[in-house]
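Notes follow the structure.
In what follows, chains carry the letters A, B, and so on, assigned in the order in which the sequence lines appear, proteins first and then strands, with residues in each chain numbered from 1.
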Protein chains: 4
Amino acid sequence: MTPQPARRNESSRRAILTAALELLTESGYPAVTIEAIAARAGVGKQTIYRWWRGKGAVILDALADDLPDVIELPDTGDLRADLRAVLRATVAEFADPKLSATTRAITIETLADEELGNQVRDRLLRPQLTAVRTRLESARAAGQIRADAPLDQVVELLFGPLYHRWLLRNGPLTDTYADGIVDLTLAAVAPR
Amino acid sequence: MTPQPARRNESSRRAILTAALELLTESGYPAVTIEAIAARAGVGKQTIYRWWRGKGAVILDALADDLPDVIELPDTGDLRADLRAVLRATVAEFADPKLSATTRAITIETLADEELGNQVRDRLLRPQLTAVRTRLESARAAGQIRADAPLDQVVELLFGPLYHRWLLRNGPLTDTYADGIVDLTLAAVAPR
Amino acid sequence: MTPQPARRNESSRRAILTAALELLTESGYPAVTIEAIAARAGVGKQTIYRWWRGKGAVILDALADDLPDVIELPDTGDLRADLRAVLRATVAEFADPKLSATTRAITIETLADEELGNQVRDRLLRPQLTAVRTRLESARAAGQIRADAPLDQVVELLFGPLYHRWLLRNGPLTDTYADGIVDLTLAAVAPR
Amino acid sequence: MTPQPARRNESSRRAILTAALELLTESGYPAVTIEAIAARAGVGKQTIYRWWRGKGAVILDALADDLPDVIELPDTGDLRADLRAVLRATVAEFADPKLSATTRAITIETLADEELGNQVRDRLLRPQLTAVRTRLESARAAGQIRADAPLDQVVELLFGPLYHRWLLRNGPLTDTYADGIVDLTLAAVAPR
DNA sequence: CTCTAAGCGAGACGGTACGTCCAGTCTTCTT
DNA sequence: AAGAAGACTGGACGTACCGTCTCGCTTAGAG
C-alpha cells in the first residue's frame with residue numbers, strides 16, 4: 001500500500017526534481033504540470049504521485065534538495081556589515097528571474113495548501129531565519145544591541161519589508177534598500 | 001468588439017462579484033472557478049469574460065467594490081496609539097478566516113499575473129500604505145520622528161513583518177505582536 | 001445537465017463516427033480508444049462522453065448510421081434462391097476483413113454491456129432477421145414450407161450456424177457452406 | 001529464459017486459476033485484471049506472466065482445468081432423446097449466471113486474440129462437437145438419418161441457433177426451444 | 001550436503017487510457 | 001447589443017492496469 005522508500009529509484013527522483021525546476025525557469029509556473037514534469041523526466045505520472053502529494057511537494061523537494069543542511073552566517077564582529085550581506089543576498093535572490101520564479105511558484109503552492117506551507121517554512125526558511133537570530137544573539141552578547149530586544153521580531157523586521165516589497169511589487173528591490181532596512185532595524189535595537 | 005459599458009447589466013455585475021466572494025469563503029479557493037461563479041450568479045460565462053480578464057480580476061473587483069475610496073487614518077496626536085490601531089486592524093483582518101481566505105486568493109492570483117498584481121497594489125493596498133505615510137508625515141512635521149527618516153521604508157517596516165508572519169505562518173499574529181512592531185519601528189525613527 | 005440535442009454539432013458527430021470506423025479497420029480493435037477517436041476526429045473527449053456512454057455506443061452508432069432503415073428481401077418466388085442470396089451475403093460480410101473487424105468489435109462491446117447488446121440486437125440485427133422472417137411467411141403462404149413451421153426458429157436455423165462458425169472459427173465460411181445450410185433448413189420445413 | 005515446468009509451483013497455479021474464476025463470478029468481467037488475480041491469489045504478477053500469455057489464457061486454463069478429458073454422449077438408441085439431453089444441458093449452461101459469465105468472458109478474449117480463439121475451440125468446444133458428431137454417426141449407421149447428411153453442418157445446425165440466441169439475447173433460451181431445434185434438425189436429416 | 005540457479009512474492013517502474021473538470025471560445029436564442 | 005445558456009476544442013487532473021523490471025527469499029537438484 002504505502003510505498004517502500006528502500007526500493008525507490010534514485011535516478012527517477014533526481015530526474016523529476018530537475019525537470020520541475022527546469023520547467024519552472026524555462027517556461028514559467030503555468031507550464032509546471034505533473035504531466036509535463038513526468039514527460040520531461042521520462043517517468044510515469046504514477047511515480048510522481050507515489051512519492052509526492054502534488055506538484056507543490058515536488059517543487060519544495062526540488063528546492064530543498066540543493067540547499068545546505070545548516071546555514072552559517074558570517075560573524076565578522078561587524079553586525080551591520082554582516083546583516084547587510086544577508087539582506088543583499090536576499091535581494092539578489094528576488095532579483096534573479098530564475099530564483100524569483102521558483103519562489104513565486106512555491107509561494108502559490110504554499111498559499112493553497114497549509115500543510116505544504118508549514119513544510120516550506122520549516123525546511124526552506126526557518127534555517128535562514130534561525131541563522132540570523134543566532135547572529136543577533138551573539139551581537140546582543142557583545143552588547144551591540146539592546147539586551148531586551150525581541151530577537152524574533154527583529155528578524156522579521158529585517159526580512160518582512162523585503163518580502164513585502166517583493167510580494168507587492170511596491171518599489172525597487174536594491175542593495176540600497178536592503179542597507180536602509182538594516183540601518184533602520186539597527187537603530188531600533190541600538191543599546192540605549 | 002469592445003464591449004460598451006453603457007449597456008452593462010449592473011445586477012449581473014453584482015451577482016458575479018457576490019458569487020465569487022461567497023464561493024471563496026464558503027468553499028475555498030479551489031472551488032472558485034469561472035464556471036462555478038457563472039452558475040451561482042445565474043450568468044453566462046461569456047458575461048464574465050466580456051468584462052473581466054479572468055477570475056483574478058473578478059476577485060479584485062469584488063474586494064475593491066466594498067472598499068472606501070479614500071482611507072483616512074485617525075490622527076489623535078498620539079502616533080504610537082494611531083499606528084497600533086492600524087496594525088491591530090491589519091492583524092484582525094489576517095485573523096478573520098473569511099478575510100484571510102480572500103487575501104490568500106488574491107495573493108495567489110497576484111503571483112501568477114503581474115498585471116493583476118500591479119492593480120491589486122494600486123487599488124487595494126496603496127491607499128492604506130499612503131494613509132499611513134501621511135500620518136507619518138504629520139508626525140515628522142510635529143517632530144515626533146527623525147526628520148531624515150525614509151518614510152516609505154518605515155511604512156514597510158510596519159507592514160512587512162505582519163505580511164511575513166502571515167505568509168510564512170511563522171508565529172502567532174496577535175495584538176501584542178502588532179504593538180511590538182510599532183514599538184520597534186518608533187524606536188528606529190525616534191528623534192535623536 | 002442533460003445535453004440538448006438541438007444544439008448538437010452535426011459535423012463533430014459525423015467526424016467521431018467516421019474516426020471510430022477508420023481506426024477500427026485501419027488499426028484494429030485495441031486502437032479504438034476514446035482518446036484516439038477524439039484526436040482523429042479533432043474533437044474534445046468531452047464531446048464524445050456528452051453524447052455517448054462509451055466507445056461501444058459510438059461504434060454502434062457508426063454502424064447504424066450507414067444502414068438502411070428498412071431491409072427488403074428479394075422475393076423472386078424461388079425461396080431457395082432467395083435464402084441462398086441472403087446467406088451468401090452474410091458469409092461475404094464475415095469474410096470481408098473490414099466488416100468482420102467491426103462485427104468483432106461490436107460483439108466484444110455487446111458482451112461486456114447488456115444494455116448495449118440489446119440496442120445492437122434491435123437496431124442492427126433485428127431488421128435483417130425480420131426481413132428473412134417476412135420472406136418465410138410469404139413462402140409459407142405459398143405452401144412452399146410447412147404450415148406449422150416455427151418461423152423464428154427457422155430464421156435462427158439459418159443464421160445460427162453461420163455465426164457459430166464465425167465465432168468459433170470452426171471451419172471455412174464459404175458460399176458452399178451457406179448453400180448447405182439453406183438446403184438443410186429447407187429440408188427441415190419442407191411440406192409433408 | 002524459458003521457464004522450466006518442473007520447478008513450477010502447483011499451489012500457485014491452482015490459486016491463480018481459482019482467483020480468476022472467483023473474480024469473474026463474483027465481480028464480473030471488468031474486475032478480472034492481472035493485478036486483481038495476482039492480489040487475490042497471493043502471487044506476484046510475474047508468476048502469471050511467466051506461465052500464461054495474458055488473462056485470456058488464464059481464464060481458458062481455469063475452464064479447461066475442471067473439464068473431463070473426453071466427453072462421452074449417452075447413446076440410448078433414441079437419437080431425439082439423446083440430442084435433446086445435450087441441447088438442454090447447453091441451454092442450462094447459458095442460463096446459469098456463473099457459467100454464462102465465464103462463457104461471456106472467454107468469448108470476449110477469443111474475439112480479441114485469434115490464437116487464443118483457436119485454443120478455446122480445440123480444447124473447450126471441439127470435444128463436445130465431436131461427441132455429438134460421433135453420436136450422429138452411430139445414428140446414421142443405424143439408418144436413423146439420411147446417409148448423405150453432412151454431419152458437421154448438422155452439428156452446427158444444432159448448436160448454432162443456441163449460440164445465436166445467447167449472443168444476441170434474441171429470445172428466451174428454454175428447454176422447449178432446445179427441443180424445437182432438435183426436432184427441426186432431425187426433420188432436416190430424416191431418411192427419405 | 002552444499003551451492004547455485006530457478007521460481008517466487010512483492011511491488012516500483014515507464015506507459016497508456018480512462019473519465020472528469022475547467023479554461024476560454026463560439027453559437028444560438030431571448031430580452 | 002448584451003445576456004443566459006451551454007456546446008465546443010483543448011488539456012491537465014488523479015486513477016487503474018498493463019507488461020517489464022528489480023529485489024530478497026525460498027527451494028530443488030547438480031556437483
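A 4.5 Å side-chain heavy-atom check between C/I37 and C/W52 finds every atom pair outside the cut-off. Using a 4.5 Å heavy-atom cutoff, the side chains of C/T18 and C/E22 are in contact.
As a whole-Å value, the separation of D/E10 CD from E/dG7 C1' is 14 Å. When the P atom of F/dT20 is taken as reference, atom NZ of D/K45 falls 10 Å away, rounded to whole Å. Here E/dA10 presents its P atom at 16 Å from CD1 of D/I37, a figure rounded to the nearest Å. One atom, CZ of C/R40, and another, C1' of F/dT9, lie 18 Å apart when rounded to the nearest Å. Note: CD1 (B/I34) to P (F/dG3) measures 15 Å, nearest angstrom.
Residues from residues 11-21 of chain A that place a heavy atom under 4.0 Å from any atom of DNA chain F: there are none. Of the residues in residues 46-56 of chain D, those with a non-hydrogen atom less than 4.0 angstrom from any atom of DNA chain F are D/Q46, D/Y49.
Where B/A38 and D/A36 meet DNA chain F, the nucleotide closest to each residue was compared, and B/A38 sits on the side nearer the 5' end. For the pair C/E35 and A/A41, both in contact range of DNA chain E, the more 5′-proximal nearest nucleotide belongs to A/A41. When each of D/G44 and A/N9 is assigned the nucleotide of DNA chain E with its nearest heavy atom, D/G44 is the one assigned upstream, toward the 5' end.
For the side-chain contact (heavy atoms from CB on, under 4.5 Å) with D/V32, the qualifying choice from D/T102, D/L24, D/T25, D/V58 is D/L24, the only one to do so. Looking at A/N118, A/V120, A/I59, A/L60 one by one, the single match for side-chain contact (heavy atoms from CB on, under 4.5 Å) with A/T110 turns out to be A/V120.
Of the candidate nucleotides E/dC13, E/dA23, F/dT22, F/dT22 has the atom nearest to the side chain of A/R7. With F/dA12, F/dA7, E/dC13 as the candidates, the nucleotide lying closest to the side chain of A/T33 is F/dA12.
D/Q4 comes within 4.0 angstrom of the backbone, heavy atoms only, and of no base.
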